[in-house]
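From a predicted model like this one, the values you see are computed outputs, not experimental measurements. Below, read A as the first sequence line, B as the second, and so on, with proteins coming before strands; counting in each chain starts at 1.
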Number of protein chains: 2
Amino acid sequence: MKRTIYHIATELGLSPGTISKVINKTGNVSEETRKRVLDYIKEVGYVPATSARMLKSKRSYTIGVVFSEDLKIGLEHSFFASILQNFKSYVEKEGYELSFIVTQLGEHKMSYYEWCMNKKVDGVFIVVGEANDDGIIELANKNIPCVSTDIVIPGITSVISDNEDGIIQSLDYLFKDRSLSDVAIITGPLKSRSFYIRYQTYMNYLKTNKLPIKKSYIVEAESFGFTSGVNAANKLIEENPVLPKAILVGSDDIALGVLKSLKEHQIKVPDDIEIIGFDDIPFAKHFTPSLTTVKQDKVMIGETAAKALINMIEHSNQKQEILIKVPVSLILRESTK
Amino acid sequence: MKRTIYHIATELGLSPGTISKVINKTGNVSEETRKRVLDYIKEVGYVPATSARMLKSKRSYTIGVVFSEDLKIGLEHSFFASILQNFKSYVEKEGYELSFIVTQLGEHKMSYYEWCMNKKVDGVFIVVGEANDDGIIELANKNIPCVSTDIVIPGITSVISDNEDGIIQSLDYLFKDRSLSDVAIITGPLKSRSFYIRYQTYMNYLKTNKLPIKKSYIVEAESFGFTSGVNAANKLIEENPVLPKAILVGSDDIALGVLKSLKEHQIKVPDDIEIIGFDDIPFAKHFTPSLTTVKQDKVMIGETAAKALINMIEHSNQKQEILIKVPVSLILRESTK
DNA sequence: CTGTTAGCGCATTCAC
DNA sequence: GTGAATGCGCTAACAG
């Protein structure tokens, strides 16, 4: 049977207000009746109707997810999907649920922020989106708890892998442990922030360590995928009669393409050249040769973001621009010696 | 500024009821005022507060998504993620949004169905779940529009790839076009319905075509991934001094593992043995050798499911047990000749 | 400590 | 064709 607080109030000989109080842990209720109500509620399986509660209390225990499709990065993208999955698991344990933010409600087009107001979401998690997207900037400027990953947005908390450290670990390994001399880089599109940071770190590393910088050893892939890796490697090979001893690659997807190109050119990995990727996608360890790479901790990213957001929702509500860096680790496999 | 129908009513010199009528296309409103209201609404960007609307109208324009985590198939699983993505794109165009169904709301544990009632979702899309899960069975038995994919549940509409046809196409190719004699099968865990159907179809094909069935040519992988493919292939090789001419593999993930094992055993693909997978995962075309496989149309599955569900929601509301099969196609690549 | 009451913003009668 | 009244189920403020 469908019940309201009124039903359970009369059934218990109490008033609706009291029921509401015990449910919301607010106001004074004697321990005795509190327990009585709680027991009864559990017994009959009563749950407050979310819509009515939302109407009054102006919140929804729901977190909006920005997963823009404009970038044609959908849920198919395992990296983001995985972060979202881990985020989801965590917030659900805390009693929140997820709802995808859309920019259209029925007929009406609306901004992310309008949608949030309309749905009364408690906070938003920006998984995929562009830092200069108007909708996202509006969100950042309004007073609604926000956490992002991957992209960094002025004014809001971001949880992101320690890209710098990943590159430094890789480079230390190549230059120091392996004592190599020349390390090239094949980066992903530099308009993407993460790729840019990785590239920057590489450049800085060479500079601060007074290592030679060779322009032809720097190639920017035209896109994110395997094929662009193949193309980038082809270009590198073409332009360099003498190849570097190692290549740092901006992402595993691209790196696997690089490996493919190398194989087609009969260049042996890791004997002729060593390769290090970034991400540790599931397939990295299955490829032949398996790929040495910087592992991003998707579980920790998702959970850290979840914790940060819930904390903002339940406590401060204070928005602050923090960059939370999640540690990465270099996984050594066959593509390096 | 935040508005309610009352605001816009007074601003227009009308009454709230009238506004409501034009928004909901109900009752009689003169064409003139209708237009006036519509225009004004658009101008000021008014959108009815969902919570209030839900409270009254008992619906939410939201579709619940069952994406059980019990099977440890999360959003990371690209096949399901992709279907969900395509489903999402479609329903959003139609003005619906997605919300993940959870079984816990705050403190209270609840069933899928209770959650649906509470959230007043208009329908549910079962992406990942077990056919014999109590929660799912309850959903199927209640009067709420439901569509599933991958799993088939008594009483509800399911959208699923034409597994039979995929296997028949593969087998026809191998036996008829290529005139091979022996084709083995490495199937995924048979407790999974899709794998079971594929396996069944293989057996039936051999039987009806009076082809010899060799027990050692039938291997069930212990799990879904790459590694289980390696193991299964190892087992097949071990048990068969004389290898089959081709292997049908239950999924691409497994097939790539099989290719790896073959490579390690110095068995040439496709010269010594030909391989056909199932799914057409993104990586299938990048592997060396690239994998011939049966492509599942994730776009069509997602969209077909969306259409079916929206149709149920907006029209019949009649639940019916239908199995909608989505065509598959054999993609020829290097792993076959 | 508990009960009463007034909305939250909208949709739906039922009058007009 | 339009407006006023009522209630959806709940919370919060206030009385008692």
Self-check item: Whichever of B/Gly13 and B/Lys120 has its nearest DNA chain D nucleotide further upstream toward 5'
Solution: B/Gly13

Quiz item: Any ion pair linking A/Glu76 and B/Lys298 (charged N to carboxylate O, less than 4.0 Å)?
Solution: no

Exercise. Search all heavy atoms of A/Asp297 against all heavy atoms of A/Pro327 and return the closest pair with its distance.
Key: CB-O, 4.1 Å

Quiz item: Considering heavy-atom distances to DNA chain D, does B/Ser30 or B/Lys56 have its closest nucleotide positioned more toward the 5' end?
Solution: B/Ser30

Quiz item: Which two nucleotides bound the region of DNA chain C that has atoms under 4.0 Å from heavy atoms of chain B, read 5' to 3'?
Solution: C/dG9 to C/dT12

Exercise. Would you confirm whether A/Thr149, through its side chain, and A/Val127, through its main-chain N or O, come within 3.5 Å as a donor-acceptor pair?
Key: no

Quiz item: Could B/Glu92 and B/Lys88 be called an ion pair, given the rule that one side-chain N must be under 4.0 Å from one carboxylate O?
Solution: yes

Quiz item: Taking A/Ile63 as the fixed residue, which of A/Val147, A/Val121, A/Leu309 is the one that meets the side chain to side chain contact (heavy atoms under 4.5 Å, CB included) rule?
Solution: A/Leu309

Self-check item: Touch class at under 4.0 angstrom, heavy-atom based, for B/Thr4 against every strand present
Solution: sugar-phosphate

Quiz item: What does B/Leu14 touch in the nucleic acid at a heavy-atom separation under 4.0 angstrom: a base, only the sugar-phosphate, or nothing?
Solution: sugar-phosphate

Exercise. Can you sort out the partners of B/Ile322 under side chain to side chain contact (heavy atoms under 4.5 Å, CB included), two or more places apart, ordered by chain and number?
Key: B/Thr157, B/Gln320, B/Ile324

Exercise. Describe the nucleic acid contact of A/Lys21 in one word from base, sugar-phosphate, nothing, applying a heavy-atom distance below 4.0 Å.
Key: base

Quiz item: Base, sugar-phosphate alone, or nothing: which one does B/Ser51 contact when heavy atoms must sit under 4.0 Å apart?
Solution: nothing

Quiz item: Would A/Lys307 and A/Glu94 pass as an ion pair if we require N to O under 4.0 Å?
Solution: no

Quiz item: Which nucleotide span of DNA chain D, 5' end to 3' end, has atoms closer than 4.0 Å to non-hydrogen atoms of chain B?
Solution: D/dG1 to D/dG9

Quiz item: Between OG of B/Ser68 and CD1 of B/Ile126, what distance do you get to the nearest 0.5 Å?
Solution: 11.0 Å

